[in-house]
Amino acid sequence: MQEAKEQASARDFTSPQVLEPWTGIKKVAHEEYYTSGHRTCQGCESAQMMRLLAKAAGPRTIVVGATGCMYVANTTYYSTPWVLPWMHTQLGSAGSAATGTAAGLRALMRKGKMDKEPINVIAVCGDGGGADMGLSAISAALQHTQYNLLVMLYDNESYANTDIQISGSSPYGVNTSFSPPGKLHRIMHKHWKKNTAPMLAVGHPDCRYVATVVASNAVDTLNKVRRALSIGGPTFLHSLNPCPKGWDYDPKYSQQIGELAVETGIWPLYEIEDRKLKMYGKSQHIASGVVKRKPVSEYLLRQGRFAHFTQEDIARVQARTDEMWEKWFLPGVIALSGA
Amino acid sequence: MSAVDTAIPTPKKSPLDVVIAPRTENEELISGSEAIAHAVRLANVDVITAYPIRPYDTVMQYVSKMIADGDFDCEFIVAESEHSQFEIVKHASAVGARVFAGSSGVGWFYAFEALAVTAGLRLPMVAMVGNRALDDPGAFGVEHNDALAVRDLGWMLCWVSTAQEALDTALIAYRVAEDPRIFLPCAISCDGAFLTHSQSIVKVPSQAMVDSFLPRYDRGDKRLHPDNPITIAPQVNEDWLMEMRRQSDEAARRASDVLIEAYRDFNAKFGRGGEPFIERYMMDDAEVALVGMGTMAMPVKVAVRKMREQGKKVGFVRVRWFRPFPTRELQDALADVHAVGVIDRDFSFGSAFFSGVLANELRSALYPAKKKNQPKILSFIAGLGGREVSTGNVMKMTKTVFDAANGVGTDAQDTYWIGARE
Ligand SMILES: Cc1ncc(C[n+]2csc(CCOP(=O)(O)OP(=O)(O)O)c2C)c(N)n1
Ligand code: SF4
Ligand SMILES: [Mg+2]
């Protein structure tokens, strides 16, 4: 740790840390910075995402986390799993918390009030906190090119901590405590999932790095985090995190369900670096036609939250997913099509 | 200085006291907002966040120009909302940065969640509130309900009445807010237009003078940093929240003595500053007193002088600090008067006797005073939305207070709306 610090302070504090990619599972560091003590559900992929995030970032990092499961279930007083310095921020404040932390460090270092060293600043928020309430603050953070910071949105497709309610990031038709199927309305939630990562990438021309990740793709996830922290300026990662409680499946299938989201084309994996889009992993194979997408029913029918779906509902999701890949201007990413 | 002051133990000499910088000050014709901008520059603030709303935002115009001209180095962030504005500085404070922000009216309310947790987390911050009505209905003018809304949360809260006092109080605010015995945010309220935009001659101190008064902000083992990997604001629930609230209460209680220390040192170094919590104006042999905050002092002092010329024994007490509330000082200052007229530039609909916020607070402060003849307390609601309060208005109020003192024609708990159309 001391060695890492000395190496770091040799560099200009305004540049980000250089975190080289780990070229395979055997090269991944052994140290964990998110450990025991959390009280998330068994099989919680959001918690797994926190572990990967902390591991990839390493010890010279400050994490701020918005309200949500990764706060309430995660940081019980006296049993926090965070080995890194961690601070709570308000539900809609991930973008502001990252900005404030980075601004404070920068001013103190520039004015000689603190040892100079590049320190990673990461803000974590859920889909409710990030894609709904805190969207404007994240948008503002992505414009502050003078700060090196990463906003990681962990998407469990609901306001999970308050007992699973629909957010703007919830999938079509999903059964939640605010969108229960009923006698008159089988489908209460009629919105399509918000396309947050491309919206932020396209809308913020100075943001150099946006990527989507899933915890079942662990090495890729680690390296996307490392890239996001090394490239400089504000960056954004959007992770899809299966949630056994909200999605209603046996916790042991969390990783499988994450994989199915990718294999059915519902959750495309891509990175956008300096405005260049690159699909990766199984999504790349889907995009290039090497692999055929699995039918969405394989994903939907594994989860109790879609148990009320009829064949018609499944067909509808399939049709919209096909459209994503066959009609969109950038297949799977940008929901525009040519005239 | 009053009798109560001598009861406070003299603070231990701080190493800062050893060096007294020569009193070199520049006289400048500036507004209240510009005076606070100078204080922020002299305090060498590290992170400032801005968002436009009248009338406070003039301070940010001055600050940004100082930065643009290279007179002052700090991170200056124009946030995308007041909520973010205050969240950003909250987090900057957690890593040890000295911070400044401000707002007015509904902007202050937009930030409310951040304001609540800043105090709850014991994060020092100095904010300027350019007091403004909470529109709708649309109004730019001053009312005090914006700043007063944080009165129960752990914010220190004061009203200043001149540009000089604004500058001086901002320096004192940093010293007290960042004192490890306190670690609480502090809001400096400036009446919109009457102070934010009105110019007067202000002594702007030298950097050396300020440096000799204001130590650096040091969070010690509470600083969020990789070398100090603490968890801030964990989920505590009923297991710990009560103890943490109690700690905030203790800090708020300590604030009075720490403020007195700071004023004592400020008076010694700058030759001004006055009595910390209240200003007593012509109170020596007063039979009745008016009480108010901020620039209400302007018409009231003029009226009191005129009435004194007519032989009426009336005085004025200006409440400078609302949090901590100067209970002892007000009990002392009002010990010998027969009736008090509290002039509120705010409202508290449905409250006890439908009085203003200050009037209600003063009533509860005087209630347990060990005295047989409690003064009668009248509440006046005046100057809402920036409406002018004239010396004539003040004289009329004073007549009502004298009547109450003489037991004529009024119920002592009445609340009067001044200058409102029927
Ligand atoms: C301003 C505010 N409104 C509402 C809440 C209540 N609340 C606490 S956690 C939470 C759910 C957040 O959902 P999300 O951001 O998706 O995170 P998750 O719980 O799913 O991990 C809500 C609504 C709050 N803490 N703050
Ligand atoms: S409800 Fe979902 S996101 Fe929350 S802790 Fe449980 S599995 Fe994780
Ligand atoms: Mg969620």
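Chain A is the first sequence line, chain B the second, and so forth, proteins listed ahead of strands; every chain is numbered from 1.
No other option in B:H83, B:Q85, B:E113, B:R223 has as many heavy-atom pairs under 4.5 Å with chain A as B:E113. Per-residue heavy-atom pair counts under 4.5 Å with chain B were compared for A:G65, A:S136, A:A107, A:A141, and the maximum is reached by A:S136. For the set B:V236, B:N228, B:N44, the count of heavy-atom pairs under 4.5 angstrom toward chain A peaks at B:N44. Of the listed residues (A:Q146, A:Q143, A:M114), the one with the most heavy-atom contacts under 4.5 Å to chain B is A:M114. Note on B:T49, B:V95, B:V47: by heavy-atom pairs under 4.5 Å with chain A, the leading option is B:V95. In terms of heavy-atom pairs under 4.5 Å with chain B, the best-connected choice from A:R106, A:R110, A:H144 is A:R110. When B:A92, B:S93, B:A114 are compared by the number of non-hydrogen pairs under 4.5 Å with chain A, B:A92 comes out ahead.
In this structure, the side chain to side chain contact (heavy atoms under 4.5 Å, CB included) partners of B:Q235, at least two apart in sequence or on a different chain, are A:Y71, A:V72, A:T75, B:N237.
Taking the side chain as every heavy atom from C-beta outward, B:M244 and A:Y77 approach each other to under 4.5 Å. Residues B:I230 and A:M87 fail the side-chain proximity criterion, which asks for heavy atoms closer than 4.5 Å. Side-chain contact between A:P85 and B:L224 is present, with heavy atoms from C-beta onward closer than 4.5 Å. Side-chain contact check for A:T89 versus B:K90: some heavy-atom pair is nearer than 4.5 Å. Counting heavy atoms from C-beta outward, B:H91 and A:V64 have side chains that approach closer than 4.5 Å. Proximity of A:K113 to B:D218: side-chain heavy atoms (C-beta onward) are nowhere separated by under 4.5 Å. A:Y147 places a side-chain heavy atom less than 4.5 Å from the side chain of B:I77.
For a residue to count as touching a neighbouring chain, one of its non-hydrogen atoms must lie under 4.5 Å from one of that chain's; by this rule A:L105 touches chain B with backbone and side chain alike. Interface remark: B:S81 contributes no atoms to any contact with chain A (heavy atom separation under 4.5 Å). For a residue to count as touching a neighbouring chain, one of its non-hydrogen atoms must lie under 4.5 Å from one of that chain's; by this rule A:T61 touches chain B with the backbone only. Heavy atoms of B:R98 lying under 4.5 Å from chain A are absent altogether.
The two residues A:A137 and B:S84 have their closest heavy-atom pair at CB-OG, 3.6 Å. Across all non-hydrogen atoms, the minimal contact from A:V83 to B:P229 is O-CB, 3.2 Å.
For residues 91-102 of chain A, the interface with chain B (any heavy-atom pair closer than 4.5 Å) comprises A:L91, A:S93, A:S96, A:A97, A:T99, A:G100, A:T101, sorted by residue number.
Counted within 6.0 Å of CZ on B:R54, heavy atoms from surrounding residues, nucleotides or ligands total 12 or fewer; the atom is thus considered open. Counted within 6.0 Å of CZ on B:F266, heavy atoms from surrounding residues, nucleotides or ligands total more than 12; the atom is thus considered enclosed. Remark: B:Q61 CD is packed, more than 12 non-hydrogen atoms of other residues, nucleotides or ligands lying under 6.0 Å away.
Put simply, the side chain of B:E75 never gets that close to the backbone of A:A103: no donor and acceptor are under 3.5 Å apart. When atom types are taken as modelled, the side chain of A:K111 and the backbone of B:V45 share a donor-acceptor pair closer than 3.5 angstrom.
Put simply, OG1 on B:T231 and CH2 on A:W82 are 9.0 Å apart, with the number rounded to the nearest 0.5 Å.
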